[in-house]
Amino acid sequence: MDNKFLKPYEPKEVESDIYSKWRDAGFFNPDVCITKGVTRMDAPTYSIVLPPPNVTGVLHLGHAMMLAIQDTIVRFQRMRGKRTLWIPGTDHAAIATQTKVEKLLQKDGKRKHDLGREAFLKEVDAFAQDSHDTIAKQISAMGASVDWSREAFTLDDTREKAVHTAFKKMYEDGLIYRKEKVINWDPKGQTVISDDEIVHEARKATLYTFKYAADFPIAISTTRPETKYGDTAVAVHPDDTRYAQFVGHTFEVNFAGEQLSIQIIADPSVDPEFGTGALGVTPAHSQTDYDMAQAHNLPLKQVINEYAKMTTSSELVNGLKVEEARTKTVEWLRSQALMIDEQESDQNVSTAERTGAIIEPLPKLQWFVDVNKKFTLKHSHLDGITDGAQVSLKELMTHVVESGQINILPERFEKTYFHWITNLRDWCISRQIWYGHRIPVWYGPDGALSVGQDPHDQSFVQDDDTLDTWFSSALWTFSTLGWPDATEDFAHYHPTDLLETGYDIIFFWVARMILMSTYLLGDIPFKTIYLHGIVRDAKGKKMSKSLGNAIDPLDLIETYGTDAVRMSLLVGIGPGSDTNFSEDKVRAYKKFANKIWNATRFVLEQTTDADFATPDTLTQQDTQYLNDFNSLVHEITKEIEEYKLYLVSEKLYHYVWHTFADIIIEDCKKRIAQGNEDEKKSARHTLRYLLINQLKVLHPFMPFITEEIWQTIHKDNTMLIVSAWPHA
RNA sequence: GGGCGAUUAGCUCAGUUGGCUAGAGCAGUCCGUUUACACCGGAAAGGUCGGGGGUUCGAGUCCCUCACCGCCCACCA
């Protein structure tokens with residue numbers, strides 16, 4: 001027996017060496033596994049992509065959990081003999097990273113616009129590189145057996161090619177279009193954002209009821225009087241007899257110095273019960289009003305600019321911020337005796353997820369992806385959709401989940417997914433920021449356009465905007481495999497088997513991946529979606545740097561070892577459920593590692609390699625032990641395939657500690673001391689056999705300690721990481 | 001306004017096709033320097049499984065209802 005077993009297990013002393021051994025042996029790369037004869041060339045494949053962490057800093061416990069889950073599955077599949085590929089990478093996270101760097105520059109008194117686009121982007125690249133290096137270190141520390149030789153970045157050249165190809169195809173199919181529409185403007189971030197980047201906040205607001213002017217016949221209600229300078233109509237319900245006489249008329253009124261031309265229209269979307277039953281229509285500054293204006297051919301009148309300031313001909317409010325303009329307008333209405341009612345009410349305000357700024361709906365020229373337009377899907381690998389079918393993106397996204405080609409775990413998120421698609425509107429993909437994939441459109445003289453490729457012509461100018469960061473990450477399952485080139489990797493590994501990610505990005509990312517994959521490839525991006533929950537602090541609060549309750553996985557690893565950290569993030573945490581994290585749990589699994597260590601010590605003291613071979617006689621008791629173990633293996637094999645790691649990890653813990661150590665070792669101890677020769681042999685075999693096979697089944701969960709023990713026992717340079725999963 | 005999740009031991013949580021005396025970690029109690037392990041072993045204690053009703057031979061598990069907490073979605077101005 002090796003003397004190291006005389007001391008408690010010290011993860012720190014072995015982990016980084018073991019990770020290097022695995023990596024240097026090349027076993028993270030399926031090609032090497034084939035070359036070295038540990039995986040058959042014709043073995044079934046198993047592939048997953050790592051959800052690329054944002055290069056905005058460091059990884060948190062949520063990432064650690066994601067890595068633990070994925071690595072456990074990947075190691076299991078590799079041991080089962082599958083041709084297993086796990087591709088790592090990072091995400092440029094356009095807006096998040098840019099904001100972060102801007103803040104850092106601000107500390108040095110520097111500003112984005114003083115630097116200029118190129119110099120600023122250099123700063124961002126440097127930051128992203130640093131961030132990437134830290135992240136790569138953390139991924140390794142977690143023991144993740146990712147194939148580093150295939151590492152990707154959402155903003156590198158290969159991925160840019162994929163983005164350009166995708167954009168071009170969508171443009172040619174009429175699915176990407178440029179149009180002036182009312183969009184969600186973030187006045188703080190100075191960019192448009194998509195519907196999904198909006199967070200609704202409940203606030204108190206006052207609902208004002210008033211008339212524009214004394215000579216105007218209808219009173220309206222609004223929480224935003226300052227937008228009324230942009231009104232071009234008043235809408236009432238078609239059946240509302242109170243206002244029927246006015247419908248179709250246009251009134252010229254002077255509203256606090258602004259000349260308004262208000263047409264009275266009838267629209268069924270107006271609720272006659274709400275307020276006065278009449279709605280002032282502001283097409284330029286409200287999404288709903290814009291839609292109504294489109295339907296009624298109403299003119300657009302912009303009175304608020306990108307800085308959320310008024311641009312009207314009214315002396316009263318021109319140039320003021322919207323909040324100040326509101327106050328002024330309200331005062332004016334009161335003073336003119338036009339105000340009829342003021343009522344406190346609850347209101348949901350749209351704010352920008354990133355900056356927290358209140359969204360200002362504005363008409364702007366932007367790029368969109370049309371989710372409803374039908375197009376011809378030339379080549380379909382999808383069940384129930386034939387080549388050449390006329391479909392929309394929405395239909396594709398719905399179909400693949402509805403038909404069961406993509407399976408979501410936990411199942412309840414399917415409902416959430418369908419609900420989102422039903423309400424989905426065209427996806428605004430342009431952003432007024434610098435960091436990211438620049439829109440691949442070049443404008444030439446006389447309306448000439450080059451889409452998807454640089455014309456290399458001085459008279460052409462590229463679009464200033466960049467793409468929503470999710471546009472490039474939506475291509476991740478195949479852009480990482482070399483698409484649009486017809487690579488071997490793409491042929492072998494797509495569609496991927498599993499997407500494991502947080503439920504909080506089901507819309508941002510998961511749905512968009514399904515959109516892109518079904519459209520561009522006529523295929524699903526993955527077969528199963530496993531959604532994990534959020535790791536909160538011990539009190540159930542969301543971890544964040546600003547709250548000071550964030551835990552760095554590296555600190556935990558330092559104290560308790562990676563295996564313990566992994567187990568603490570696996571045991572008992574089912575898909576889709578949030579977890580409150582406490583260090584006690586990690587401590588418990590550090591003890592567990594030590595228990596394995598000491599059990600090993602005992603077995604090694606009592607047995608030799610030769611005991612592994614089945615002896616002539618096995619006692620009935622030992623046969624029972626071995627049968628029990630084999631049925632456990634059978635059970636957990638099935639459960640891992642069903643992604644029930646939360647159950648399996650607990651069962652293994654329980655078996656090792658309370659069956660193997662508490663019962664079997666104690667029993668064998670007695671028989672080795674007092675039994676006859678056959679009984680001794682039988683007991684030794686049981687111990688040796690169970691030890692070796694426990695190492696195997698524990699390995700995906702606790703890769704370091706099991707590999708360390710394995711290599712101590714096996715002096716022949718074999719590695720547990722590529723040894724065969726036990727047959728059950 | 002719509003949808004979803006949670007409510008199990010003092011604390012944090014498992015318990016997925018309804019089935020033996022409901023489990024784990026931590027905390028707490030008692031005993032133990034038995035040759036793998038004090039990062040341990042043994043023993044005991046602790047739960048009307050949120051309330052109420054129903055289905056069933058049998059319910060923590062299924063159905064209805066109520067309560068409280070949390071999350072997501074939503075263009076009632």
Side-chain angles (χ1 to χ4, degrees), chain A residues 1 5-10 182 195-196 198-200 205 207-209 220-224 227-228 234-235 269-282 286-292 345-348 350 361 409-413 415-416 418-420 422-423 425 503-504 506-507 533-534 536-540 542 560-561 564 567-568 571-606 639 642 644 646-647 649-651 653-654 657-658 661-662 665-666 668-670 673 687:
Chain A
M1 190 200 63
F5 290 107
L6 298 178
K7 292 183 303 178
Y9 175 58
E10 259 312 324
V182 169
D195 295 341
D196 298 281
I198 287 179
V199 182
H200 295 283
L207 182 67
Y208 302 97
T209 301
I220 55 161
S221 298
T222 182
T223 52
R224 297 198 61 189
T227 63
K228 299 293 103 181
V234 162
S269 68
V270 177
D271 176 3
E273 305 294 319
F274 187 89
T276 61
L279 161 69
V281 184
T282 323
S286 154
Q287 199 73 243
T288 21
D289 292 9
Y290 176 78
D291 294 342
M292 207 184 285
S345 70
D346 293 309
Q347 194 199 21
N348 281 323
S350 301
L409 293 175
E411 208 176 337
R412 63 183 142 91
F413 281 101
K415 215 173 184 175
T416 314
F418 290 134
H419 183 256
W420 179 79
T422 310
N423 295 306
R425 292 188 300 198
Y503 67 69
D504 49 332
I506 181 166
F507 307 136
I534 295 165
R536 301 170 185 281
D537 75 3
K539 288 172 199 149
K542 226 172 173 171
Y560 303 104
M567 281 296 275
S568 75
V571 176
I573 307 172
S577 55
D578 295 349
T579 182
N580 292 358
F581 182 85
S582 86
E583 262 186 66
D584 282 345
K585 203 171 167 189
V586 195
R587 214 170 279 131
Y589 292 107
K590 181 179 195 298
K591 287 186 187 175
F592 179 53
N594 198 52
K595 188 75 181 177
I596 296 171
W597 192 249
N598 282 300
T600 301
R601 170 180 165 184
F602 178 76
V603 174
L604 294 185
E605 279 173 352
Q606 302 297 328
E639 283 168 345
E642 291 165 353
K644 294 176 176 169
Y646 57 105
L647 282 183
S649 50
E650 191 169 11
K651 280 182 185 174
Y653 173 87
H654 219 262
W657 202 308
H658 300 298
D662 287 355
I665 285 187
E666 291 307 319
C668 289
K669 198 186 279 181
K670 268 185 226 146
L687 291 176

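Order of the sequence lines sets the chain letters (A, B, ...), proteins ahead of strands, with each chain counted from 1.
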Go ahead and name the base partner of [N]; Watson-Crick or wobble counts if both distances stay under 3.5 Å, otherwise write none.
N     : result
B:U48 : none
B:C57 : B:G19
B:G70 : B:C4
B:A43 : B:U29

Please report the distance, rounded to the nearest Å, between [atom1] in [X] and [atom2] in [N].
X        : N     : atom1 : atom2 : result
A:Asp504 : B:G70 : CG    : C1'   : 15 Å
A:Asp578 : B:C71 : CG    : C1'   : 8 Å
A:Lys585 : B:G25 : NZ    : P     : 12 Å
A:Asp584 : B:C39 : CG    : P     : 16 Å
A:Asn580 : B:G70 : CG    : C1'   : 11 Å
A:Trp420 : B:A74 : CH2   : P     : 10 Å

The side chain of [X] lies closest to which of these nucleotides: [options]?
X        : options             : answer
A:Arg412 : B:C4, B:A14, B:G41  : B:C4
A:Trp657 : B:C13, B:A36, B:G41 : B:G41
A:His200 : B:G15, B:A74, B:C72 : B:A74
A:Asn594 : B:A77, B:C39, B:A24 : B:C39
A:His658 : B:C4, B:C73, B:G25  : B:G25
A:Lys415 : B:U16, B:G3, B:C40  : B:G3
A:Tyr646 : B:A14, B:U16, B:G41 : B:U16
A:Asp662 : B:A77, B:A36, B:G41 : B:G41
A:Glu605 : B:A36, B:G41, B:A77 : B:A36

Quiz item: Closer to the 5' end of RNA chain B via nearest nucleotide, is it A:Thr579 or A:Arg224?
Solution: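 Its nearest nucleotide being more 5', the pick is A:Thr579.
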
Looking for any heavy atom pair under 4.0 Å, which part of the strands does [X] touch: base, sugar-phosphate only, or nothing?
X        : value
A:Ile665 : base
A:Ala599 : base
A:Tyr290 : nothing
A:Glu666 : base

Rounded distance in Å between the [atom1] positions of [N] and [M]:
N     : M     : atom1 : result
B:U8  : B:A74 : C1'   : 34 Å
B:C57 : B:G42 : C1'   : 39 Å
B:U16 : B:U34 : C1'   : 43 Å

Quiz prompt | Heavy-atom side-chain proximity of A:Asp196 to A:Trp420 below 4.5 angstrom | solution =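 Yes, their side chains come closer than 4.5 Å.
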
Self-check item: A:Asn598 and A:Tyr9, any side-chain heavy atoms less than 4.5 Å apart
Solution: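 Not touching, per the 4.5 Å side-chain cut-off.
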
Quiz prompt | Side-chain-base donor-acceptor pair under 3.5 Å for A:Lys595 and B:C37 | solution =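 Answer is yes: a donor-acceptor pair is held.
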
Would you check if the side chain of [X] reaches a backbone N or O of [Y] as a donor-acceptor pair within less than 3.5 Å?
X        : Y        : value
A:Lys585 : A:Ser568 : yes
A:Asp578 : A:Ile534 : yes
A:Thr600 : A:Ile596 : yes

